[in-house]
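Here the structure is laid out as structure tokens; the discussion comes afterwards.
Computed from a predicted structure; not experimentally measured.
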Amino acid sequence: MKHLKGWILIPAAAAALVLAACAEPEPVAATSDPVVAAATATGAPAPATTTTTTTTTTTTTPADADAPTTGWPTMTVYKTPSCGCCVVWIDHVSAAGIPVETVDVNDMGPIKQELGVPYGKGSCHTASIGGYLIEGHVPIEDIRRLLDERPRARGLVLPGMPLGSPGMEVPDGRSQAFTVELVAEDGSTTEWAHHPAR
């Protein structure tokens, strides 16, 4: 995970599970520079540096009757090519009916800086939707509330990779308590939603 250079804070007890969950390889194809093109098309800021990327756009049908089928803006998710837990989180988002565009990048640092993730509040993937950043394994209900309430803020962050958060589930069902934070325009954070351990 050295490519994140200080952005991820992982509890020691969960480190082995986190690394295993995020180490599933995915195919990578070199392209000219779709990150800039994708960012321009979606209104997201372009990264400060050019990296080898692959872009895949997927629109899915909701997996359950309660999920909305219309009204969601497209979410752009930036991740590294080998991040398996990122793919699981993207599936969580897609199941809610959110159209998702995935952009693979080799260096997440410039993306996080450009979108305004506060240092020390990072995770493995960074997304943008409806003018907000979404950092890490944020549950869909917190994203839905953000888009409904539309606060003056940069977006939401879930620092690290808490066990049991969407995309970080384990077979025995264990989970850690975690808190999703709202990032104000000045970069300060406050509690947005607390999720207790199960």
Would you say K79 and I90 make side-chain contact, with heavy atoms under 4.5 Å? yes
Could you measure the distance from the OG1 atom of T126 to the CD atom of Q113? Nearest 0.5 Å is fine. 11.0 Å
Heavy-atom closest pair, residues P118 and V183: CG-CG1, 3.7 Å
If every non-hydrogen atom of P196 is compared with every non-hydrogen atom of S175, which pair is closest and at what distance? O-OG, 4.4 Å
Taking only residues two or more places apart in sequence, or in another chain, which ones meet D148 in a side chain to side chain donor-acceptor pair (under 3.5 Å)? none
Under 3.5 Å, side chain of Y132 to main-chain N/O of P151, donor-acceptor pair present? yes
Side-chain contact, heavy-atom cut-off 4.5 Å: I140 with I98? yes
Indicate yes or no: at least one non-hydrogen side-chain atom of L147 is less than 4.5 angstrom from one of I143. yes
Tightest non-hydrogen contact, residues S123 and L158, listed as CB-O, 3.8 Å
What's the spacing between E181 CD and D142 CG if we round to 0.5 Å? 11.5 Å
Could you please spell out the steps behind the side chain to side chain contact (heavy atoms under 4.5 Å, CB included) verdict for L146 and I134? CA-CA 10 Å; L146 178 75; I134 306 294; 3.8 Å; yes
Roughly how far, to the nearest 0.5 Å, is CD1 of I129 from CD of E101? 12.0 Å
Closest non-hydrogen atoms of H137 and C124, given as atom of the first, atom of the second and distance, are NE2-SG, 3.3 Å
Heavy-atom pair with the smallest gap, counting every atom of P159 and G120: CB-O, 4.4 Å
Could I get the full list of side chain to side chain donor-acceptor pair (under 3.5 Å) partners for H92, not counting sequence neighbours? none
Is R145 reaching over with its side chain to a backbone N or O of W192, donor-acceptor style, under 3.5 angstrom? yes
If you round to the nearest 0.5 Å, how far is CE of M161 from SG of C85? 5.0 Å
Look only at the side chain of Q176 and the backbone of L163, and say whether a donor-acceptor pair between them is shorter than 3.5 Å. yes
After noting the C-alpha distance and the side-chain angles of M168 and W89, does the key distance pass the side chain to side chain contact (heavy atoms under 4.5 Å, CB included) rule? CA-CA 8 Å; M168 289 301 299; W89 183 78; over 6 Å; no
Please work out which of the three classes, parallel, tilted or perpendicular, describes the rings of H195 and F178, given edges at 30° and 60°. parallel
Considering all heavy atoms, the nearest L182-A153 contact: CD1-CB, 3.7 Å
